[in-house]
Amino acid sequence: MRTNDLMVRLTAAASALGDLDVSAWPEDTLKDQLGELSAALVALDSQLTRVADEVRARGLRIEEPVSA
């Protein structure tokens, strides 16, 4: 897959997470989805850590963009 396609997919994933508001979920829904949500969050954390470590291994820094 091309780099540009991967960046589009990564940006879309970040946008999807931005749309996720579990505080608005009813308690029963959250309890029902907790296992799946936990697994997804752990998988995301693992992949984000892997990518960040690969960037750092090349001697580069990951910096948070400065807000205007």
Would you say the side-chain atoms of Thr49 pair up with the backbone N or O of Asp45, donor to acceptor, closer than 3.5 Å? yes
Examine Leu41 and Trp25 and state if one hydrophobic cluster contains both, with Ile, Leu, Val, Met, Phe, Trp and Tyr joined whenever side-chain heavy atoms are less than 4.5 Å apart. yes
Please check if Leu44 and Val42 belong to a single hydrophobic cluster, counting links between Ile, Leu, Val, Met, Phe, Trp and Tyr side chain heavy atoms closer than 4.5 Å. no
Atom CD of Glu36 with >12 non-hydrogen neighbours under 6.0 angstrom: no
State, with a plain yes or no, whether a side-chain heavy atom of Asn4 is found less than 4.5 Å away from one of Met7. no
Using a 4.5 Å cut-off on heavy atoms from C-beta on, say whether the side chain of Leu37 contacts that of Leu20. yes
Do NZ/NE/NH1/NH2 and the carboxylate oxygens of Glu54 and Arg50 come within less than 4.0 Å? yes
Test: Arg56 and Asp53 ion pair at under 4.0 Å: yes
Measure the spacing between OG1 of Thr11 and CZ of Arg9 and express it to the nearest 0.5 Å. 12.0 Å
